[in-house]
Number of protein chains: 2
Amino acid sequence: MPDPVEKPLSNAASAVDSLRALIFDGSLAAGSDHLESELALRLGMSRTPVREAVLTLAAQGLLDVRPRKGVRILPVSPADMREIYDVLTELESLAAADAARRNHSPAALQPLAQTILDMDTALTAKNREAWADADDRFHTELVRLGGNSRIIMIVGMMADQVRRARAVTLYMRPVPSQSNADHRGVLEAIRNRDPKAAERIHRAHRIGAKEMLTELLDRYRLQNL
Amino acid sequence: MPDPVEKPLSNAASAVDSLRALIFDGSLAAGSDHLESELALRLGMSRTPVREAVLTLAAQGLLDVRPRKGVRILPVSPADMREIYDVLTELESLAAADAARRNHSPAALQPLAQTILDMDTALTAKNREAWADADDRFHTELVRLGGNSRIIMIVGMMADQVRRARAVTLYMRPVPSQSNADHRGVLEAIRNRDPKAAERIHRAHRIGAKEMLTELLDRYRLQNL
DNA sequence: GCATTTATTAATGCATACGCAGTAAATGCA
DNA sequence: TGCATTTACTGCGTATGCATTAATAAATGC
């Protein structure tokens, strides 16, 4: 029986969730400073769990604790973007190759296939948010299939760091129709147990994304997102 | 004038340092559990800064907080070792290529060259600890030259996670004479501004290390280090 | 003798208090 | 007016205490 009881989540844990949400939706703006006491007030708890949450988020590279100046929500520069996409390119491509090596059953590949369908649907409906969401799920699912827990964690961290920036560029970029083709290629390579192809296609996909994004940031002079 | 005054380091920060040292030298054994209050007593401070330190180390994958059971020092299994070396292989190889692209001056490459000399010296003196130390510095310096701050952080984290395991295998493994040749090759490629070669040589180096280590762990049935 | 319930223990999560140190404001002086 | 020094302030680092609740032991029932 699947446990229907979900434990009520500690204050510190919910502070992590809340702060992440506030950062991603811009309520805590990039580059802005916030006192611990202020955040505690906002979240309706004492400084102690907020401090713990802040420590956790600092370890994940989302903010920086600057004693007496408050915690700073870390902005993402074009240089940061390049760094992050370089890491994503390497680790996700390895994950793609690993996924192809692992003899996954069709059923195991179903969630990945679904994200591609979802992206088609979103693209047809011209719903960019839904597209971005499905795209995100594709990458998450891909590294999950790769089976390396460290890669899963690191890719999650890096994806979080660029989440805001991606949201900003979502409506500036050209219609992301190429992505689906790339994703299909990766899925096919995994189905065919072809690690080299999976790696190659995914790498090209990520390099393309990196170039598109950094070109966009440069063009619009977006120095800090 | 270089500031000669070093600020006295907070209790939380020194707790991180102390705990790391205790974990690396085995005083806090892999797989063992420890109460916060116990650690606080040991470090001569209250639970608060210890809790913060523990949170930080948990984020770095060195231990796991298990409510009411104490913090568990995470052991490293052969599977963990493979995961970690796969990540190191990808990211360090990229760093090697980046380092070769960056037009580093000979002076900038000096610290890297020095680690190779130190390894020679240690090898001649049959001093394995000194060799391991220099080897570590080579890899640290290499990723530093690559210039990607995320890679620097991640590689540091991964290296920490396998530190104990490496120490254990240090005296089991064959004399590491091949390593120096590989390191020299990487340095030469960087000097020659040959990213492809740097990447290729370093990748082979890391893959070799991974195979040697995992074979060793399997042979001696070392399930948890 | 074993399973189930109840009681006990104690480690944690959190709130709170306080002193210190770093920053800014204010003052004094040239 | 510009700069140095003093003063005031306030945010943080840490200690401490307590309520909660999970884990263990005890007790009860079958």
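Keep in mind that this is a model prediction, so the values were computed, not measured. Residue numbers begin at 1 in each chain, while the letters A, B, ... track the order of the sequences.
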Subject >> Donor/acceptor link under 3.5 angstrom from A:Arg47 side chain onto base of D:dG11 >> reply: no

Original post:
So which nucleotide from C:dG13, D:dG13, D:dA15 ends up closest to the side chain of B:Pro67?
Top reply: C:dG13

Original post:
Which nucleotide in the list C:dT23, D:dG11, C:dA10 gets nearest to the side chain of B:Arg68?
Top reply: C:dA10

Whole angstrom is fine here: how far is it from [atom1] in [X] over to [atom2] in [N]?
{"X": "A:Glu36", "N": "D:dG13", "atom1": "CD", "atom2": "C1'", "value": "9 Å"}
{"X": "A:Leu35", "N": "D:dG11", "atom1": "CG", "atom2": "P", "value": "5 Å"}
{"X": "A:Lys69", "N": "C:dA24", "atom1": "NZ", "atom2": "P", "value": "7 Å"}
{"X": "A:Leu39", "N": "D:dG11", "atom1": "CG", "atom2": "P", "value": "12 Å"}
{"X": "B:Arg72", "N": "C:dA11", "atom1": "CZ", "atom2": "C1'", "value": "16 Å"}
{"X": "B:Leu9", "N": "D:dC12", "atom1": "CG", "atom2": "C1'", "value": "16 Å"}
{"X": "A:Arg66", "N": "D:dG13", "atom1": "CZ", "atom2": "P", "value": "13 Å"}
{"X": "B:Leu41", "N": "C:dA11", "atom1": "CG", "atom2": "P", "value": "12 Å"}

**OP:** Look through every strand shown and name the nucleotide pairing with D:dC30 as Watson-Crick or G-U wobble, where both distances are under 3.5 Å.
**Re:** C:dG1

**OP:** Considering only NZ, NE, NH1 and NH2 on the basic side and carboxylate oxygens on the acidic side, decide whether A:Asp136 and A:Arg163 come within less than 4.0 Å.
**Re:** yes

Subject >> Phosphate-side-chain proximity, B:Arg51 and C:dT12, N/O vs OP1/OP2 below 4.0 Å >> reply: no

**OP:** May I ask you to evaluate whether B:Ser46 reaches the phosphate of D:dA15, defined as a side-chain N or O under 4.0 Å from OP1 or OP2?
**Re:** yes

Subject >> Minimal non-hydrogen separation, A:Asp33 against A:Lys69, with atom names >> reply: CB-O, 3.5 Å

Original post:
Looking for any heavy atom pair under 4.0 Å, which part of the strands does A:Thr48 touch: base, sugar-phosphate only, or nothing?
Top reply: base

Subject >> Option among A:Leu187, A:Val186, A:Val155 that satisfies the side-chain contact (heavy atoms from CB on, under 4.5 Å) test with A:Leu142 >> reply: A:Val186

Original post:
Does A:Leu145 offer a backbone N or O that forms a donor-acceptor pair with the side chain of A:His104 under 3.5 Å?
Top reply: yes

**OP:** Mark yes or no for whether B:Arg72, through its side chain, and B:Asp64, through its backbone, hold a donor-acceptor pair below 3.5 Å.
**Re:** no

